[in-house]
Novice: 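Encoded as structure tokens, here's the structure I'll be asking about.
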Amino acid sequence: MTHERRIAATLLAWYDANARDLPWRTGPDAARAGLRPDPYRVWLSEVMLQQTTVAAVRDRFLRFVERWPDVAALAAAPDAEVMAEWAGLGYYARARNLLACARIVARDLDGQFPRSRAGLQALPGIGPYTAAAIAAIAFDLPECAVDGNVERVVARLFAVAEPLPAARARIGSLAAALVPGDRPGDHTQAMMDLGATICTPRNPDCDACPLRALCGGHARGIAADLPRKAPKAAKPVRRGIAYVGRRADGAWLLERRPARGLLGGMLGWPGTEWTVSPARPAPPARAEWRAVPGEVRHTFTHFHLALSVMVAELPAGANPERGEFIASDHFRPADLPTVMRKVHAHALAGGFEGH
DNA sequence: GATTCGTGGTC
DNA sequence: TGACCAAGAAT
């Protein structure tokens, strides 16, 4: 038996006894009985899990499939409702692409997800990792899905000291050589589970690892230091102003953001650009704007944001130059991205109630 | 290959 | 408390 086969067999045996119970899974027992999970649920979970923790996804996934149980239901949903449901999860291009993908599958593919990696990867929001993961998990095809977990596990198993991202090609071929012809779907999920529960980024629990005796990184005493990564750039601080306006009838002045770019397609407060030194702009409506003491701080992937908040009561017949009024009964802070929710909370904390 | 794109948890 | 990190994709 080759080293690779021994690793795969040991990992699969460990998975049979230790697989995590997750709402989008059917579990190893069902898999061995030939039962596959619903491709719709696999696809949705994989998209939600992109750069997002299982803990954050679990409840959101359940709410989502309760509301839209299949791809046809999702394809028929209004954009604004899907974006609102995604609010707080981040990386909102995922929600836009999710809906675009659902509509293609429902309209052009008879509601069936493609049963090949290439076919899947041709759809919006499905890249190399997600295509391979769906192919393996939903259809049990021998594809190799390489995510952050797999990169870490493989870098340690084979003591790959070259830093990412340069090591990506080598890690990819090492990972592909591990995929067994039998039960490739469970192998994929086993790699994830090992990476998430034992071979963790910090303080890996090598004592509990089924692959410890087969691990090159452990043998060299460097497992916990792998994979090596290039240092990240510092985050600049950007500034801006957000305007929280409320009409006499209680309606809030909000604005749908452009479909592309940061928070694209999401609802938010009108405001300035967010730059290192923003220009002083005109408010979205004529009113007595006053500053709320303090500021809202929020950190995005590549910059810190410090937002000043201005508030104003707007007259009943207000005709704003930007944005749209959302009636008080229809306004839910939970429909906003987190930074916008913080702005609303800051305005309220500053004593603003509107009329 | 390098950038852009969110958020909440963790140490 | 601030930096790091998580089942990446699109450009």
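In the text below, chain A, chain B and the rest are named by the order of the sequence lines, each starting its count at 1.
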Novice: Please check the phosphate of C:dC4 (OP1 and OP2 only) for any side-chain N or O of A:K229 closer than 4.0 Å.
Specialist: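 No, no such contact exists.
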
Novice: Distance check: side-chain N/O of A:H298 vs OP1/OP2 of B:dT7, anything under 4.0 Å?
Specialist: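 Yes.
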
Novice: How many Å lie between CE on A:M48 and P on B:dG6, as a whole number?
Specialist: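 Distance check: A:M48 CE to B:dG6 P gives 16 Å.
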
Novice: Taking the six-membered ring of A:W68 as reference, does the cationic atom of A:R41 (NZ for Lys, CZ for Arg) lie under 6.0 Å from its centre and within 45° of its axis?
Specialist: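 Output no; distance or angle outside limits.
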
Novice: Please give me the minimum heavy-atom distance between A:P28 and A:D186, naming the atom from each residue.
Specialist: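 Answer, listing the atom of A:P28 first, then A:D186: CA-OD2, 3.9 Å.
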
Novice: Which value, in whole Å, describes the distance between the C1' atoms of nucleotides C:dA3 and B:dG6?
Specialist: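 Pairwise C1' distance, C:dA3 against B:dG6, rounds to 16 Å.
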
Novice: Could you tell me whether A:L89 contacts a base, only the sugar-phosphate backbone, or nothing, with contacts defined as non-hydrogen atoms closer than 4.0 Å?
Specialist: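 Base contact.
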
Novice: Determine yes or no for a side-chain-to-main-chain donor-acceptor pair under 3.5 angstrom, with A:R220 supplying the side chain and A:G216 the backbone.
Specialist: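 Yes, A:R220 side chain to A:G216 backbone: donor-acceptor pair under 3.5 Å.
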
Novice: Using the C1' atoms only, state how far C:dT11 lies from B:dG1, rounded to an integer number of Å.
Specialist: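 Result for the C1' pair: 12 Å, nearest Å.
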
Novice: Which part of the nucleic acid does A:K235 contact within heavy-atom distance under 4.0 Å: base, sugar-phosphate only, or nothing?
Specialist: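 A:K235: no heavy atom of the nucleic acid under 4.0 Å.
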
Novice: Assess whether a salt bridge exists between A:D16 and A:R183, defined as any Lys/Arg side-chain N lying under 4.0 Å from an Asp/Glu carboxylate O.
Specialist: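 Judged by the 4.0 Å cut-off on N to carboxylate O distance, A:D16 and A:R183 do form a salt bridge.
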
Novice: Would the A:W252 and A:F325 ring centres measure less than 6.0 Å apart?
Specialist: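 Ring centres of A:F325 and A:W252 not closer than 6.0 Å.
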
Novice: Just to confirm, is there a sub-4.0 Å distance from OP1 or OP2 of B:dT3 to any side-chain nitrogen or oxygen of A:H302?
Specialist: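 Indeed not, no polar side-chain atom of A:H302 lies that close.
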
Novice: Check this one for me: any side-chain N or O of A:R152 less than 4.0 Å away from OP1 or OP2 of C:dA7?
Specialist: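 Looking at the OP1 and OP2 atoms of C:dA7, one of them is under 4.0 Å from a side-chain N or O of A:R152.
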
Novice: Starting from P on C:dA6, measure out to CG on A:D147 and report it in whole angstrom.
Specialist: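 For the pair A:D147 CG and C:dA6 P, the rounded distance is 10 Å.
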
Novice: For B:dC11 and C:dA7, measure between their P atoms and round to the nearest Å.
Specialist: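 Those two atoms are separated by 15 Å.
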
Novice: In whole angstrom, give the distance that lies between atom CH2 of A:W274 and atom C1' of B:dC5.
Specialist: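 Computing the A:W274:CH2 to B:dC5:C1' distance gives 12 Å.
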
Novice: Given atom NZ of A:K232 and atom P of B:dT3, what is their separation to the nearest angstrom?
Specialist: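 Rounded to whole Å, this separation is 13 Å.
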
Novice: Starting from the 5' end of DNA chain B, give me the residue, A:A166 or A:Q51, whose nearest nucleotide shows up first.
Specialist: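 Comparing both residues, the 5'-ward one is A:A166.
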
Novice: For B:dG6 and A:T338 - does any side-chain N or O of the residue sit under 4.0 Å from the phosphate oxygens OP1/OP2?
Specialist: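 No, no such contact exists.
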
Novice: Quick one: is C:dA3 close enough that its OP1 or OP2 comes under 4.0 Å of any side-chain N or O from A:T299?
Specialist: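 A:T299 to C:dA3 OP1/OP2: no side-chain N or O under 4.0 Å.
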
Novice: In whole Å, measure the gap between the P atoms of B:dT3 and C:dC4 for me.
Specialist: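 Per the computed distance, 16 Å lies between those P atoms.
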
